[in-house]
Trainee: 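Below is a structure I'd like to ask you about.
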Protein chains: 2
Amino acid sequence: MPAMVIDPLKGFPGYALRRVSAAFMAELAARLAVLDLRPAEGTVLLVIGMNPGITQSDVGRLLDIVSANMTPLTARLASRDLIDREPVDGRSHGLTLSEAGRRLMQKTRRIMEGLESELLERIPAAQRATFLGALMALASEEKS
Amino acid sequence: MPAMVIDPLKGFPGYALRRVSAAFMAELAARLAVLDLRPAEGTVLLVIGMNPGITQSDVGRLLDIVSANMTPLTARLASRDLIDREPVDGRSHGLTLSEAGRRLMQKTRRIMEGLESELLERIPAAQRATFLGALMALASEEKS
DNA sequence: TATTGTTATACTCTATAACTATA
DNA sequence: TATAGTTATAGAGTATAACAATA
């Protein structure tokens with residue numbers, strides 16, 4: 001690329017957020033692919049593992065996945081015998097991890113925690129707490 | 001959602017990055033939709049406006065869009081008479097904004113700058129410089 | 001040999017509309 | 001009436017493979 005190209009997005013925090021997030025997600029996808037899991041499936045596995053019996057719609061609400069997209073997602077996990085779906089009332093299904101699901105969830109958790117640690121280590125220690133504080137504040141605004 | 005749901009992603013900076021970025025991109029998409037532009041098209045318009053005559057592959061390299069995806073993107077902008085494509089040698093095309101393209105680029109720029117400003121204002125002033133410094137450092141690591 | 005641009009194709013995430021069954 | 005789950009469908013971004021034309 002010619003050295004004189006002007007980047008009009010330079011200095012835009014939203015664009016930087018997008019780039020860093022995209023790179024992070026691509027790396028996560030690559031590492032989870034070893035387990036034949038997509039990022040969304042991995043996070044769902046973690047949520048079910050921490051909240052046995054949780055309802056499909058509650059998982060969706062926590063992760064901001066609309067119910068129409070939760071259906072094929074949990075169906076695929078169930079077809080691989082990673083989760084069990086038991087009716088809790090006539091319309092809700094409680095989700096729990098199978099033995100195989102628990103094993104895969106642990107591997108998923110190690111991969112995710114490893115990647116998150118690597119991200120943290122790329123931030124200079126002096127700026128880390130402030131960066132995290134501001135980022136988490138932004139993230140929790142979205143949730144409400 | 002039951003109050004006792006445990007969020008295993010809580011405290012994960014990569015996940016927070018993903019959430020904040022997704023919310024930002026959704027809002028950008030909504031605002032650019034008024035101009036019938038997608039985020040990727042808007043950023044390409046800005047890059048061409050700042051770099052008249054830039055090559056399609058150089059735009060792709062700057063924005064990290066693979067060439068196979070640049071083709072339909074610039075084709076759509078050209079079909080709307082927002083950009084002109086002139087051959088610079090036998091295989092490269094130099095891209096410039098048309099008059100209509102310039103006008104739309106200015107509107108795009110105002111929308112993007114407005115949204116970026118709103119994002120900045122959501123970060124407490126005391127943390128702003130540190131947050132930006134760390135974020136930009138992460139973003140520029142990706143580019144190399 | 002490497003690069004530009006193209007076509008075809010596929011994957012992932014996301015979103016809405018319309019529906020059934022249940023609370 | 002509202003909620004849970006499902007089906008069908010579509011849009012947007014991203015990715016690879018294979019190719020023709022040009023440098």
Side-chain angles (χ1 to χ4, degrees), chain A residues 1-2 15 17-33 35-44 53-79 83 85-95 142, chain B residues 1-2 15 17-33 35-44 53-79 83 85-95 142:
Chain A
M1 185 159 45
Y15 185 68
L17 227 34
R18 174 181 172 186
R19 293 295 296 262
V20 176
S21 168
F24 182 87
M25 290 308 296
E27 181 60 28
L28 178 61
R31 297 191 189 186
L32 289 182
L35 308 180
D36 190 19
L37 281 179
R38 295 172 285 207
E41 293 170 342
T43 56
V44 165
I54 191 173
T55 247
Q56 185 168 308
S57 44
D58 279 340
V59 175
R61 262 187 290 274
L62 184 67
L63 300 177
D64 247 315
I65 301 175
V66 299
S67 63
N69 295 328
M70 284 300 301
T71 297
L73 208 165
T74 55
R76 183 160 180 263
L77 296 177
S79 79
I83 65 173
R85 291 191 278 190
E86 308 244 340
V88 294
D89 64 17
R91 58 183 176 179
S92 302
H93 292 178
L95 307 177
E142 313 294 351
Chain B
M1 183 160 42
Y15 185 69
L17 228 33
R18 174 180 172 186
R19 294 294 297 260
V20 176
S21 169
F24 182 88
M25 291 308 296
E27 181 59 28
L28 178 61
R31 297 192 189 185
L32 288 183
L35 308 181
D36 191 19
L37 282 178
R38 296 171 284 208
E41 293 171 340
T43 57
V44 166
I54 192 174
T55 246
Q56 184 167 310
S57 43
D58 278 340
V59 175
R61 264 188 288 275
L62 183 67
L63 299 177
D64 248 313
I65 301 175
V66 300
S67 63
N69 295 329
M70 284 301 299
T71 297
L73 207 164
T74 56
R76 182 160 181 264
L77 295 177
S79 79
I83 64 173
R85 291 191 277 190
E86 307 243 341
V88 295
D89 65 16
R91 58 184 174 179
S92 300
H93 291 176
L95 307 177
E142 312 295 351

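Every value quoted in this text rests on a predicted model; they were computed, and no experiment measured them. Convention: sequence-line order gives letters A, B, ...; per-chain numbering from 1.
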Trainee: Between Ile65(A) (CD1) and dG5(D) (P), how many Å, whole number?
Mentor: 13 Å
Trainee: Send over the distance from Asn69(B) CG to dT4(C) P, rounded to a whole Å.
Mentor: 16 Å
Trainee: Whole-Å distance between dG11(D) P and Arg76(B) CZ?
Mentor: 11 Å
Trainee: Just checking Ala68(B): base, sugar-phosphate only, or nothing, at a heavy-atom cut-off of under 4.0 Å?
Mentor: base
Trainee: Does Arg76(B) come within less than 4.0 Å of Asp36(B), counting only side-chain N to carboxylate O?
Mentor: yes
Trainee: Using a heavy-atom cut-off of under 4.0 Å over every strand shown, decide if Pro39(A) touches base, sugar-phosphate, or nothing.
Mentor: sugar-phosphate
Trainee: Separation of Arg38(B) atom CZ from dT14(D) atom P, in whole Å?
Mentor: 12 Å
Trainee: Taking Val59(A) as the fixed residue, which of Thr74(A), Val44(A), Leu73(A), Ile65(A) is the one that meets the side-chain contact (heavy atoms from CB on, under 4.5 Å) rule?
Mentor: Val44(A)
Trainee: dG5(C) P sits how many Å from Glu86(B) CD, rounded?
Mentor: 14 Å
Trainee: Without decimals, in angstroms, what is the distance between Asp36(B) CG and dG11(D) P?
Mentor: 12 Å
Trainee: Minimum heavy-atom separation for Ala75(A) and Arg85(A), please, with both atom names.
Mentor: CA-NH2, 3.8 Å
Trainee: May I have the distance from Arg18(A) (atom CZ) to dA12(D) (atom P), rounded to whole angstrom?
Mentor: 13 Å
Trainee: Rounded to the nearest angstrom, tell me the gap between atom CG in Asp58(B) and atom C1' in dT4(C).
Mentor: 11 Å
Trainee: At 4.0 Å (heavy atoms only), tell me whether Ser57(A) reaches a base, stays on the sugar-phosphate, or touches nothing.
Mentor: sugar-phosphate
Trainee: Using only heavy-atom distances, decide whether a donor-acceptor pair under 3.5 angstrom links the side-chain of Arg91(B) to the base of dT4(C).
Mentor: no
Trainee: Could a donor-acceptor pair under 3.5 angstrom be found where the side chain of Asp89(A) meets the base of dA4(D)?
Mentor: no
Trainee: Quick one: pull up CZ in Arg61(B) and OG in Ser67(B) and give me the separation to the nearest 0.5 Å.
Mentor: 9.0 Å
